[in-house]
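Structure incoming, see below.
Read the numbers this way: they start at 1 and go in the same order the structure lists the ligands and their atoms. Quick caveat: nothing in here was measured; it's all calculated off a predicted structure. We number each residue from 1, following the sequence as shown.
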Amino acid sequence: MKDDKSTIPNIGDFFYSSPDLLSVFGKDGELIQVNPAWHEMLGWDFDQLRGVPFTDFVHPDDVQATADEFRLVIEGPEETRRGFVNRQRCRDGTYRTISWSTLRKDGWICSTGQDVTDRLEIQTKLNQSTAVTEAMFEAAADSIVIIDRDLIIIESSPESEQIYGYPERGRRGRTGLNIIDERDRPFVEAALRKTFEIDEVTTVSFRAQHADGHEITLETRGRALRNLDGSPARAVFITRDVTAAAQTQEALAENLAKLRAIIDTAVDAIVVIDREGTILEVSPASEAMYGIPESLRRGHSALEFVHYNDQAVVLAAIRRIFDEGRATTARFRVRHDDGHWVTVESRGQALDNGGEPPIAAVVITRDISESVALEHALEIARSEAERHDHAKSEFMSRMSHELRTPLNSVIGFSQLLQMESNDPDVLRMLGHINNSGQHLLNLINEILDISRIESGRVIVTLRAVTLDDLIRDCVGIITLQASQRGLDVEVGDITDALVRADQQRLRQVLLNLLSNAIKYNRPQGRVTVSTEIVEDTVRISVRDTGLGISPEMFERLFIPFDRLNVESTGIEGTGLGLALSKNLTEAMGGTLSFDSTPGKGSVFTIQLPIFKAQ
Ligand code: ADP
């Protein structure tokens with residue numbers, strides 16, 4: 001190569017020692033010489049380059065641009081200088097990025113190439129990292145502030161405006177300290193200054209004032225940014241508004257304090273247990289229940305205090321609480337320290353463990369010994385009362401039965417005597433005997449029925465009953481009684497539908513209602529019987545135009561022997577008919593209701609299901 005030195009114009013050792021790529025072309029663009037840097041940088045020697053199209057050594061994507069640049073210099077006037085960048089292929093197949101400067105001088109074309117591969121790479125990385133930093137700065141949900149050693153704000157991210165309420169530009173060039181609450185300012189300032197001295201992240205929470213005046217709680221984390229010589233010139237602080245979290249924290253603390261207060265003052269014993277039933281926490285109230293100081297129970301198994309026979313119940317409850325996550329109630333006995341057994345009722349609920357299986361449960365236990373004793377006493381009293389009731393019904397039913405037999409003889413013989421006597425005085429007296437006998441018999445029959453119903457011994461046989469026949473039959477029976485009082489009995493629309501009832505008992509109820517409608521009617525009044533289908537039931541109504549019943553009497557209407565003060569009117573009765581009718585209707589699966597307007601009349605309604613063939 002040195003041989004050619006003489007052929008190259010105006011170049012000396014510089015050409016051979018330059019670290020940059022140097023190449024000389026003739027005026028037609030033929031390569032005249034390259035310096036050794038070509039070998040060192042790219043691995044090529046002049047001999048390998050000479051006579052070969054330059055496209056072989058340039059990245060395919062850069063060939064066109066390189067050719068264009070070169071042509072501009074060749075074809076341009078003297079002193080034409082062009083600069084451009086392309087990728088040159090190395091001998092090992094890799095590429096280096098070269099920044100070329102090409103000059104046309106004295107008919108020669110000289111190119112100087114500098115390897116900028118590394119610089120470009122660094123530049124690209126720097127650009128990227130700057131872009132990332134800027135994007136983070138812009139997009140950060142927290143406030144990012146860069147301050148200098150005097151704590152003056154140099155840069156502040158857009159979100160800072162949201163947090164502090166001041167326009168970000170407005171804060172630049174000022175100290176950020178003045179918005180910090182005076183109470184917290186000294187330690188925040190100390191923390192900020194310290195950040196410049198240490199190589200660690202500083203974290204500090206403080207109160208500040210938002211531009212609109214309200215107090216905010218902030219948490220800031222910062223770190224010094226060092227110069228190349230290691231001196232800290234700036235520090236970056238990322239600040240977050242933790243007001244809501246601080247409030248939640250405060251509320252939580254308050255709640256916990258309240259909870260503690262509840263546990264401490266609760267009348268019920270509150271115990272926290274783990275899966276094994278070990279006692280983790282105990283409320284003071286449990287001391288009274290167990291007679292053992294709370295501290296002595298902590299760490300013990302809850303089962304230690306449970307009656308042997310109730311342990312299975314407690315174990316099952318614990319299992320249900322923890323395995324099935326269900327709030328569970330159990331009743332069992334626990335031993336008081338003085339040896340007596342306390343009956344308690346516990347309700348336990350597992351504590352939420354964020355989706356994981358629960359590890360603890362709160363159990364609230366109440367001493368129910370007294371109420372259990374009371375329940376027991378009540379139970380005894382109830383069965384005693386039932387026994388009494390039963391005995392009473394039994395007595396009534398026997399008594400009525402025993403009374404009926406002699407009474408039937410009295411009535412029978414008085415009727416026989418009536419047939420044989422012509423003496424009007426004797427006949428009048430016999431009439432009294434007969435009437436009183438009948439009245440007594442009715443009374444006894446009704447008492448018997450009532451006592452049968454009360455003791456649950458009334459038997460109803462439910463069959464399909466045709467209402468038309470039954471109603472006309474009953475009306476026929478009471479017609480005489482009605483006409484004696486100058487009353488009209490009307491039969492309205494009677495449905496063809498069959499009802500499900502006991503024919504005999506329904507007749508008894510109807511006759512009773514009709515008889516009342518006559519007895520408590522006004523002279524020349526009217527009694528109307530009608531039926532109506534309502535859904536799958538039939539309503540049979542007996543309506544009268546009588547005195548009616550005043551509302552304050554309504555609740556006494558079905559009470560046995562209560563005649564609602566009509567005793568003085570001379571209207572005969574026992575006060576048992578309605579009570580019996582209601583019970584009988586209900587025994588047939590129906591209802592008996594009424595409506596009444598004093599002075600206008602009453603309507604009594606039997607409602608029975610329509611008979612459905614099975
Ligand atoms: P009683 O044998 O007295 O008629 P009930 O049990 O049949 O007994 O009726 C109880 C009371 O209800 C009657 O004494 C009467 O005061 C009142 N009562 C019953 N039906 C009527 C009615 N249709 N109109 C007005 N009052 C009635």
* To do: Decide yes or no on side-chain hydrogen bond (donor to acceptor under 3.5 Å, both in side chains) for Ser286 and Arg297, but give the supporting numbers first.
  => CA-CA 10 Å; Ser286 66; Arg297 296 182 56 230; 3.3 Å; yes
* Can you sort out which atoms of ligand 1 are near Gly575, meaning under 4.0 Å from one of its heavy atoms? =>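 Listed by number with element, the hits are 1 (P), 2 (O), 3 (O), 6 (O), 8 (O).
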* Asked: Is ligand 1 less than 4.0 angstrom away from at least one heavy atom of Leu547?
  -> no
* Asked: Any idea which protein heavy atom is nearest atom 2 (O) of ligand 1, and the distance to it?
  ->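 Sorting protein heavy atoms by distance from atom 2 (O) of ligand 1 puts Thr574 N, 2.8 Å first.
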* side-chain hydrogen bond (donor to acceptor under 3.5 Å, both in side chains) between Ser421 and Asp423: does it pass, once the steps are laid out? -> CA-CA 6 Å; Ser421 172; Asp423 182 337; 5.9 Å; no
* **Note, Gln481 side chain near Ile478 side chain (heavy atom, < 4.5 Å)** => yes
* Asked: Of all the heavy atoms in Phe604, does at least one lie under 4.0 Å from an atom in ligand 1?
  ->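 True for this residue.
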* Do Phe558 and Leu592 touch side chain to side chain, with heavy atoms closer than 4.5 Å? -> yes
* Flag the pair Arg366 and Glu345 as a salt bridge only when some basic side-chain nitrogen lies within less than 4.0 angstrom of an acidic carboxylate oxygen. =>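 No, Arg366 and Glu345 are not salt-bridged.
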* Structure fact -> Filtering Asn516, Leu564, Leu580, Ile518 for the heavy atom nearest atom 17 (C) of ligand 1 leaves Leu564
* Is there a side-chain contact between Leu608 and Thr537, using heavy atoms and a 4.5 Å cut-off? -> no
* Decide whether Gln508 and Asp449 meet the rule of one side-chain donor and one side-chain acceptor closer than 3.5 Å. =>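 Side-chain D/A pair, Gln508 to Asp449: present.
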* For ligand 1, find out whether one of its N or O atoms is nearer than 3.5 Å to an N or O atom of Leu578. => yes
* Can you check whether Trp341 and His336 have ring centres sitting under 6.0 Å from each other? ->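 Here the rings of His336 and Trp341 have centres that are no less than 6.0 Å from each other.
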* To do: Run the contact test for Gly546 against ligand 1 with a 4.0 Å cut-off on heavy atoms, strictly below, and give the result.
  => no
* Please identify which atoms of ligand 1 are closer than 4.0 Å to at least one heavy atom of Leu557. =>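 Counting atoms of ligand 1 from 1, those under 4.0 Å from Leu557 are 12 (O).
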* Measure the distances from the heavy atoms of Asp562 to every atom of ligand 1 and state whether one is below 4.0 angstrom. => yes
* Asked: Going by the order shown, which atoms of ligand 1 are within less than 4.0 Å of some heavy atom of Leu576?
  ->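 Under 4.0 Å from Leu576, ligand 1 has these atoms: 6 (O), 8 (O).
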* To do: Kindly identify the option in Arg563, Arg543, Arg556, Glu572 whose heavy atom sits closest to atom 16 (O) of ligand 1.
  => Arg563
* Asked: Looking only at heavy atoms, is any part of Ile549 under 4.0 Å from ligand 1, and if so is it the side chain, the backbone, or both, or is it neither?
  ->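 Contact part for Ile549 vs ligand 1: side chain (C-beta onward).
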* Asked: Is the shortest heavy-atom distance from the side chain of Asp544 to the side chain of Leu487 under 4.5 Å?
  -> no
* What protein heavy atom sits nearest atom 23 (N) of ligand 1, and how far away is it? -> Asp544 OD2, 2.9 Å
* **Protein residue, atom and distance nearest to atom 13 (C) of ligand 1, heavy-atom basis** => Tyr520 OH, 3.3 Å
* To do: Kindly indicate whether a cation-pi arrangement holds for Arg335 with Tyr290, taking the cut-offs as under 6.0 Å to the six-membered ring centre and within 45° of the axis.
  => no
* Decide whether the shortest distance between a heavy atom of Lys519 and an atom of ligand 1 is less than 4.0 Å. => yes
* Going by atom types only, do Thr466 and Asp468 share a side-chain donor-acceptor pair under 3.5 Å? ->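 No, Asp468 and Thr466 have no side-chain donor paired with an acceptor closer than 3.5 Å.
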* Contact atoms of ligand 1, heavy-atom distance to Ser602 under 4.0 Å -> 24 (N)
* Structure fact -> Val566 heavy atoms within 4.0 Å reach ligand 1 at atoms 14 (O), 16 (O)
